[in-house]
Peer 1: 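Dropping the structure in here first, questions after.
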2 protein chains.
Amino acid sequence: MTASPSASRDMASSRIFETLKQDLIRGRFVAGEKLAISALKDHYQVGLSPLREALNRLAAYGLLEQVNQRGFRVPAMHLEELDDIAGLRAQLECMALTQAFQAGDSEWESQVLAAHHRLRRADEHPERVEEWEQAHLRFHRALLASCGSHWLLRFIEQLHDQFDRYRRLAPPNPAVRKALDRQHGELVELALSRDIAAARALLDDHIRLSHSVARGCCASSAPDEGT
Amino acid sequence: MTASPSASRDMASSRIFETLKQDLIRGRFVAGEKLAISALKDHYQVGLSPLREALNRLAAYGLLEQVNQRGFRVPAMHLEELDDIAGLRAQLECMALTQAFQAGDSEWESQVLAAHHRLRRADEHPERVEEWEQAHLRFHRALLASCGSHWLLRFIEQLHDQFDRYRRLAPPNPAVRKALDRQHGELVELALSRDIAAARALLDDHIRLSHSVARGCCASSAPDEGT
DNA sequence: CATCTCAACAAAATCGATTTTTTTACTCAA
DNA sequence: TTGAGTAAAAAAATCGATTTTGTTGAGATG
């Protein structure tokens, strides 16, 4: 049978997991806020068990914190942590990029080109933010997909989600977007020519640029507090 | 009040999480096996809800796999994955080691020395395997603790747990143990003298040695199967 | 006036039972 | 004998209610 990814309806706990995950990344909850479980239950129209299972998975993933006998809270955001996430993300993605360039075959090249094309298409509708976000995530995934290390990709994905929590705090900025998009195009070219050194430098810049934008926003909106 | 870490009794779901996690790492379940939830419930004497929450967290952590509508299973083990885990672990730990050496203060040195002392003490009772295992884990933790990157330490911990699943398959080997222990001592000396290059090389060897032992066992016990 | 106690309240965690889905066992026809 | 279809059994997922724990505030006490 042909691949039909959307064939299986998954259980309620998986659906609420994905929904909550997106809402957390998109910043629909206040950082540091305590989650009122019964309110979530009403809002998302799910039962307690699936909801609690999703919350537990999100806590293990690092998008929630579970406090001993007093429920779940949205992790606070700190400039210091953003720096950690961005720095590590740059290192791990450069590592994966190198391996991806070495191991990538023509099928990989095709997928990168396809993902880049979809990303450019998504750019044509600036009002559909979420579509661009998804295309963007998939482009970066495709670029590193051939690196051969399941665990490295897993950690990178996790860091990407964490990073996005911070990045999404910043308001959309057309100039930055344009610069990032040019870098995407250049990354594709460097991938096809397997120019590892140049691609690493560019990817590092790419992340550094996003980082500095998010940093500016994070610093102004919620100055790092002690205690 | 003074620090008393064991003061808070945590909820049942946390206790069963820790217990199950240890049992998974120690290889008390067959790789690939499907977990019978009601059997677990009886065996560990817990209710369904805490158990399911623990299973969900373990799945998010990577020590279990959740299959759509058919429960949880213990991940299969593959030589290929062991290589991935060990290789990545070496890279991430060397990265952390460098940062730890650069940022480590005298308090860090004290903790490393203390952890190493406990490790040597634990060596005196070869029959108490679990005590040595815990001291070993804590020594490696202490060595990297000052690296300053919360997320890097988190990933390393996760990889360590994954690696241990494989390492524990191999029967105890006094000769190997002795070699590893000498390396622990050398690592302490290099930490005190902040010899980054030598320490990186040694840590890489350290992991490589464990890797090759685990590899030999994994290869003979369960030849990598396709499909 | 500050602090302590304890009851009433709110929320989290857990339990037992129900619903849904998958797996197994069996029948019958090709 | 094999294979599709189907009903019973088993297991997973979910629900509603109960139990446990943390929080709040009124009144007592120093």
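Throughout, a chain's letter reflects where its sequence line sits, starting with A, and its residues are numbered from 1.
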Peer 1: Looking at A/W132, does the NZ or CZ of A/R177 lie under 6.0 angstrom from its six-membered ring centre and within 45 degrees of the ring axis?
Peer 2: yes

Peer 1: Passes side-chain hydrogen bond (donor to acceptor under 3.5 Å, both in side chains), B/Y44 versus B/D23? Steps please.
Peer 2: CA-CA 11 Å; B/Y44 292 104; B/D23 285 351; 2.6 Å; yes

Peer 1: Would you please say whether a donor-acceptor pair under 3.5 Å links the side chains of B/H140 and B/H206?
Peer 2: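 Their side chains do contain a donor-acceptor pair, which is all the 3.5 Å distance test asks for.
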
Peer 1: By nearest heavy atom, map B/R70 and B/S14 onto DNA chain C; which one lands nearer the 5' end?
Peer 2: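 In this pair, the answer is B/S14.
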
Peer 1: Let's test your reading of the pairing rules: Watson-Crick or G-U wobble, both distances under 3.5 Å, then write DNA chain D as a dot-bracket string with ( ), [ ], | and dots.
Peer 2: ||||||||||||||||||||||||||||||

Peer 1: Tell me which of A/P50 and A/Q69 sits closer to the 5' end of DNA chain D, going by the nucleotide each one is nearest to.
Peer 2: A/P50

Peer 1: Round to the nearest Å and state the distance from A/N68 atom CG to D/dG22 atom P.
Peer 2: 8 Å

Peer 1: What about the rings of B/H78 and A/H150, do their centers lie closer together than 6.0 Å?
Peer 2: no

Peer 1: Write out all pairs satisfying salt bridge (charged side-chain N to carboxylate O under 4.0 Å, His left out) with one or both partners inside residues 48-66 of chain A, taking only residues at least two apart or from two chains.
Peer 2: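 Qualifying pairs, neighbours excluded: A/R52-B/E53, A/E53-B/R52.
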
Peer 1: Of the residues in residues 33-47 of chain A, which ones touch DNA chain C at a heavy-atom distance under 4.0 Å?
Peer 2: A/K34, A/L35, A/I37

Peer 1: Under the rule for side-chain hydrogen bond (donor to acceptor under 3.5 Å, both in side chains), what residues qualify as partners of B/E130, not counting sequence neighbours?
Peer 2: B/R26, B/R168

Peer 1: May I have the step-by-step check of side-chain hydrogen bond (donor to acceptor under 3.5 Å, both in side chains) for B/E81 and A/W151, ending in yes or no?
Peer 2: CA-CA 9 Å; B/E81 197 196 25; A/W151 283 96; 3.0 Å; yes

Peer 1: With a strict under 4.0 Å distance from non-hydrogen atoms of chain B, what nucleotide opens and what nucleotide closes the contacted stretch of DNA chain C, reading 5' to 3'?
Peer 2: C/dA13 to C/dT23

Peer 1: For A/F139, check ring-ring contact (aromatic ring centres under 6.0 Å, His included) against everything at least two apart and list the hits.
Peer 2: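 So A/F139 forms a ring-ring contact (aromatic ring centres under 6.0 Å, His included) with A/H116, A/H184.
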
Peer 1: Evaluate whether atom CZ of A/R154 has more than 12 neighbouring non-hydrogen atoms of other residues, nucleotides or ligands under 6.0 angstrom away.
Peer 2: yes

Peer 1: Grab the CG-P distance between A/L48 and D/dT19 for me, whole Å please.
Peer 2: 17 Å

Peer 1: Going by the salt bridge (charged side-chain N to carboxylate O under 4.0 Å, His left out) test, name the single residue among A/R167, A/R128, A/R138 that passes it with A/E133.
Peer 2: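 Single pass found, and it is A/R167.
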
